> 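Sharing a structure here in structure tokens format.
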Amino acid sequence: MKIHITETMLRDANQSLIATRMPLKDFQPILEVMDQAGYASLECWGGATFDSCLRYLDEDPWERLRTIRKHVKHTRLQMLLRGQNLLGYKHYPDDIVRKFVRKSVENGIDVIRIFDALNDLRNIEVAVDEARKAGAQVQGALCYTTSPIHSLDSFVELGKDLEAMGCHSVCIKDMAGIMTPKVAYELVTALKKHVKLPIVVHTHSTTGLASMTLLKAAEAGADTIDCAISCFSGGTSQPPTESMHYALKEMGLDTGLREDLLKQINDYFKPIQARALKSGLLTPIVMTTETDALTYQIPGGMLSNLVAQLTAQNALDRLPEVLEETPRVRADLGYPPLVTPSSQMVGAQAVANVLAGQRYKNVSKEIKAYLRGEYGRAPGTVSEELRRKVLGGEPVIEGRFADTLKPGYEVCKAEIGALARSEEDVLSYALFPVVAKNFFQKRLDKESRTVTYSIRKA
Ligand code: CO
């Protein structure tokens, strides 16, 4: 029996443990070894990598992708895409979504994992369609969460819908690490029964369940699991590649991974991990197990945000009330999965409700937009009372929000002008206008400095 492992070192492990701050030069020398190790794919792009390249690392994310592709000739390269939000934080018009997906594939991506934070599949249909047309492997992801309206059946329905949309595989995406081994077993079994596509399981070690969860998922017949090379595994990252490989091998599940190369990869990253620990980029907090998320059924990151918000307002003693208010706000909003951006919206509103001593006295513009339907359809029923109170008579968007957006690519191209030198540059600008513009300007300054220098030398 076979099982495949996707290595998350370059994207999710990098993002979850060290805030996506690993520069290309740190991992470029090991890429050819990673290419030979036998991974199902290398998750290496998308998510926060794009923003981080431009904002913090002074790197062109497209150039990074092309460089990875140059060194990785055999293994599939994988990215994470937030549906209509692409790699940004708002909904983009369809022309930008299509162009971005196409360019991602042209520059080297093979597998695109696509999800929507509300599991509103209308928000991923354009990206899925374009990825298929561009010849990519499309992995439709369902965001796993728990609530009175989410069930095994509702997730199986989502899986069937992803299959019907033309996805090539289905991923269970447990961003908070709250999926238990038992649920993983049941959910993978149910999906295998009702969906004819390969099933992929993605979780995080945050609450300490992940290795057990992946093992039970494998027992139930999961086709692929996500792991991270051991020195960048555990905590908020994924379970260790090598340990999962050994455990699975003993059970008769062949990962196809080469143990000698896994060791070589881990030995390569160890000094980088040590350096990150020393500089404080990697903190022991993200590497340990945090079980509060299981008690409160909210993601660890959200909990620490609540604590930070209350501390800032000198009101940490109100935490128990906020923890009681949080599920009530979530219920009012129709039980969105607690993932970016809904986790921040729900948390901030719960804090506001408690501190004001009155519910929904102050409502954020994000919650207003959510109630207007700008993020998509809530999984459950949104409180009509709340909607009336916040929106008054304002109309609610019932259709797909992106249908209300005008095409944007040409506008962006005109705005950024000569600073952009390629269609890829225009897309970087479309996603992160301020950050990309700064990056282009710096690139230009650097070049003119080099020119001046060579003239002087001549
Ligand atoms: Co993840």
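Whatever order the structure lists them in is the order used to number ligands and atoms, beginning at 1. Predicted model, so just to flag it, every value in this text is computed and none were measured.
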> Need the atom name: nearest N/O/S atom of D12 to the Co ion (ligand 1).
OD2

> Do you see a donor-acceptor pair shorter than 3.5 Å between the side chains of T207 and T291?
no

> Return the name of the atom in H204, of element N, O or S, nearest to the Co ion (ligand 1).
NE2

> Is the closest side-chain donor-acceptor distance between Q238 and D12 under 3.5 Å?
yes

> Which residue in the set D51, L427, L431 passes side-chain contact (heavy atoms from CB on, under 4.5 Å) when paired with L87?
L431

> Which heavy-atom pair separates Y144 from M175 by the least distance, and what is that distance?
O-CE, 3.2 Å

> What's the atom name of the N, O or S in H202 nearest to the Co ion (ligand 1)?
NE2

